[in-house]
Number of protein chains: 2
Amino acid sequence: MTAKASRQPLSRERVLAAAVVVADAEGIQALTMRRLAGDLGVEAMSLYHHLPAKEALLDGVVETVIAEIDAAVGRLSANGDGEDWRTRLRGQFLAARQIMVRHPWMPALLGTRRAIPVGLYAYYDGIVGTLLGAGFSHHLAHRAVHAFGSLPLGFAQEVFSPAAAGGSMEADVAEADLAAMAGALPHLTAMVAMEMHDGSDPTLGWCDSQLEFEFTLDLLLDGLERLRDQNQVKS
Amino acid sequence: MTAKASRQPLSRERVLAAAVVVADAEGIQALTMRRLAGDLGVEAMSLYHHLPAKEALLDGVVETVIAEIDAAVGRLSANGDGEDWRTRLRGQFLAARQIMVRHPWMPALLGTRRAIPVGLYAYYDGIVGTLLGAGFSHHLAHRAVHAFGSLPLGFAQEVFSPAAAGGSMEADVAEADLAAMAGALPHLTAMVAMEMHDGSDPTLGWCDSQLEFEFTLDLLLDGLERLRDQNQVKS
DNA sequence: ACCTGAACACCGTTCAAGT
DNA sequence: ACCTGAACACCGTTCAAGT
C-alpha cells in the first residue's frame, strides 16, 4: 500500500518512524512485523537487526511519540520564561494534546507497556520543577503529579469514548443505545438531551473535546493552587 | 494447570467466569481460546457455541467485572439513603476500587474495547442522578462525569505504574533508573527522596495507593462543589 | 443442540545460509 | 554487517463431521 522506501539502509529510527506512520494510518492492530517490513521494502526478519522483538518495537514507538512531546514542550519553554506556573503547565499539556490527537492509538498502547518510557522522566522533571518554583511543597507536587494523571500527555481517561482501540468511532450506535434505554436511564438521557440542545457536545461518544479537557485541567489547577495557599498560610 | 471443570454443560456465564479466573491468575495475555477451553475441560472450538469470537469473550469479561461493580454499588445504595452526595459518590468509587484491585488487568483491557460496556450506563445514570439531586445543573453534571474520568471505576490513569499489562511490577528497576538519572532530573529525584523519607510512598512505581486515589477524588469533589455553589449564587 | 478433529490463514520468532 | 528463505510454535477461526 505504502510506496516502497528508498534504498538507504535500514535503521532503528527509520523503522520506528515507519511504524508510527502505519499506526496513524490504520491503527495499532495493523502494525505487524511482516506488514512493517513490507512498507520498508524489506523482509520481516531484517527488522530484527535493529530491534530485538516486537515488544521493543512498541516500546520504541511510544518513545518516539514521547520525544515529540518533549520537543514541543522544549520549544515552549524556550519562549515564555516569565510565565505564571498555571499558564505554563496549561500550555504544555495542551501542546501535548495536539500531538496526541494525531496519534489516537497512544493511550491504549501506553497502557500495555511494562516499563516507563524514559523520555517521560525529563518531561515530568520539568513539571515538578515548575510546581516547586511556584511554592509547592515536594509533597503537594507529588500529589499534583498523580492528580494530573494523563493530562500532561494530552489525554484523559475516556471511559465513554473507546475509539482509541483503532477503528471508526461509532457515535450513532451509542445514540441508538441511549434512545432504547431512555426509560431505564432517566438522568443520563435527560443530561444528554440538555447538552445536545446546547449543540456543542452532541454525544457522550466524543466528549473528550478541547473544552472538556480544559475544564478538567482548570478544575485541578484551581484546587491545587488553593491547597498550596492553604499550606503556606498554615506554616 | 487449573483443575478440569465438573461435567455440567458449558454456558456463556461459566466461560466468562473461567476467563476472569485466568486473567486474575496469569494476566490477560494468558487468556487464549485454547487455554481457556483446556481449563474448562473442553476443546477450543466448543467455546464458539457460546461466544461468537475472541473479541466477544473480552467484551463479556469486561461486562462481568462491570456487573460486579454494579452489584456492589447497588448494595451500597440499599443502605445509606440520607447520605450527602459527596460521601455517597466517594463510597461508590472506593467500592469500585476494591473490585478493581482484584482485576488489575481491567484498565488496559477496557482501553481496547470498541463498544461501551452496557452495564456502565446504569452506573453512570446513578451518578448523574446523585449530582442532579444535589443541585448540580445538567451541564455541570456532564462536566463532572468527564472530570471524574475513570475514578468511578476505581482506578486512575497510571502513567508511572504500568504493572497492569500483566507481569510483576518492577519498582526496583524504576529506582535504579532514577538513581542513574539523578543528575539530569534534579526536581524529580528530590521529590522522590523527600517522599521516601516520609516512608509512605516508597517509589513512583506504586503511588496509585488508596491515599493518592482519595486525594485526587477529594480534589475533584471540592472543585465541583465550589462550582455548583458559584452557579447557584449567580442565578 | 452441543462438541470435536483437521485444516487454514496469519502471527512472532529461530536459524542456517546467503552476500 | 546486513539481509533472506524456510521452518517452527502458536494464535483465532472455518468447516465438515460426529453424537
Side-chain angles (χ1 to χ4, degrees), chain A residues 1-20 22-23 25-62 105 108-109 112-115 165-167, chain B residues 1-20 22-23 25-62 105 108-109 112-115 165-167:
Chain A
M1 200 144 269
T2 315
K4 295 258 179 158
S6 53
R7 272 276 136 242
Q8 56 179 307
L10 233 46
S11 73
R12 196 182 115 95
E13 286 66 37
R14 274 192 63 216
V15 172
L16 293 180
V20 170
V22 171
E26 302 179 36
I28 198 71
Q29 88 290 339
L31 182 61
T32 69
M33 299 300 271
R34 286 172 163 92
R35 158 65 194 276
L36 179 58
D39 279 10
L40 287 162
V42 107
E43 224 60 28
M45 300 69 213
S46 305
L47 300 177
Y48 287 83
H49 273 266
H50 304 97
L51 291 158
K54 173 98 186 266
E55 282 297 290
L57 171 71
L58 295 178
D59 285 342
V61 165
V62 168
W105 38 267
L109 179 60
T112 67
R113 297 304 85 206
R114 313 260 300 253
Chain B
M1 202 142 275
T2 315
K4 294 258 178 156
S6 54
R7 272 276 136 244
Q8 59 177 305
L10 233 48
S11 72
R12 196 183 116 95
E13 286 66 36
R14 276 192 62 217
V15 172
L16 293 181
V20 170
V22 171
E26 301 181 36
I28 197 72
Q29 86 290 337
L31 183 60
T32 68
M33 299 299 271
R34 285 173 164 91
R35 159 65 195 273
L36 180 58
D39 279 11
L40 287 162
V42 106
E43 224 60 27
M45 299 72 213
S46 306
L47 301 177
Y48 287 86
H49 274 266
H50 305 96
L51 291 158
K54 173 96 185 266
E55 282 297 291
L57 172 71
L58 296 177
D59 285 342
V61 165
V62 168
W105 38 267
L109 179 59
T112 67
R113 297 304 85 207
R114 312 262 298 254

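Since we're looking at a predicted model, the values are computed, not measured. Throughout, a chain's letter reflects where its sequence line sits, starting with A, and its residues are numbered from 1.
Taking every side-chain heavy atom of B:V42 into account, C:dC3 is the closest of D:dG5, C:dC3, D:dC2. Listed candidates were C:dT4, C:dG12, D:dG5. Nearest to the side chain of A:T32 is C:dG12.
If you measure from atom CD of A:E43 to atom P of C:dT14, you get 17 Å, rounded to the nearest angstrom. Atom-to-atom, CE of B:M33 to C1' of D:dT14 comes out at 13 Å; the value is rounded to the nearest Å. The distance from atom CG of A:L10 to atom C1' of D:dC3 is 10 Å, rounded to the nearest whole Å. Whole-Å rounding puts the B:L47 CG to C:dG5 P distance at 14 Å. Between the P atom of D:dT14 and the CZ atom of B:R34 lies a distance of 13 Å, rounded to the nearest Å. Rounded to a whole Å, the CE atom of A:M45 is 10 Å from the C1' atom of C:dC11. Between B:H49 atom NE2 and D:dC15 atom P there is a gap of 13 Å when expressed in whole angstrom units. Straight-line distance from the CZ atom of A:R14 to the P atom of D:dC2: 13 Å, rounded to whole Å.
Pairing each heavy atom of B:L51 with each of B:R12, the nearest pair is CD2-NH1, 3.6 Å. Across A:A30 and A:V22, no two heavy atoms sit closer than the pair O-CG1, 3.9 Å. Closest approach of B:A19 to B:L36, counting heavy atoms only: N-CD1, 3.6 Å.
Taking 4.0 angstrom as the limit, B:H50 places a side-chain polar atom (N or O) nearer than this to OP1 or OP2 of C:dC3. Residue A:Y48 places at least one side-chain N or O under 4.0 Å from the OP1 or OP2 atom of C:dT13. Contact annotation: B:S46 side-chain N/O to C:dC2 OP1/OP2 distance is not under 4.0 Å.
A:M33 has its side chain within reach of A:L57: a pair of non-hydrogen atoms, C-beta onward, lies under 4.5 Å apart.
In summary, B:R114 and B:E55 do not engage in a salt bridge, as defined by a charged side-chain N under 4.0 Å from a carboxylate O.
Among the heavy atoms of the strands, none lies under 4.0 Å from B:A44.
Pairing for D:dG12 is with C:dC8, a Watson-Crick or G-U wobble pair whose two hydrogen-bonding atom distances lie under 3.5 Å.
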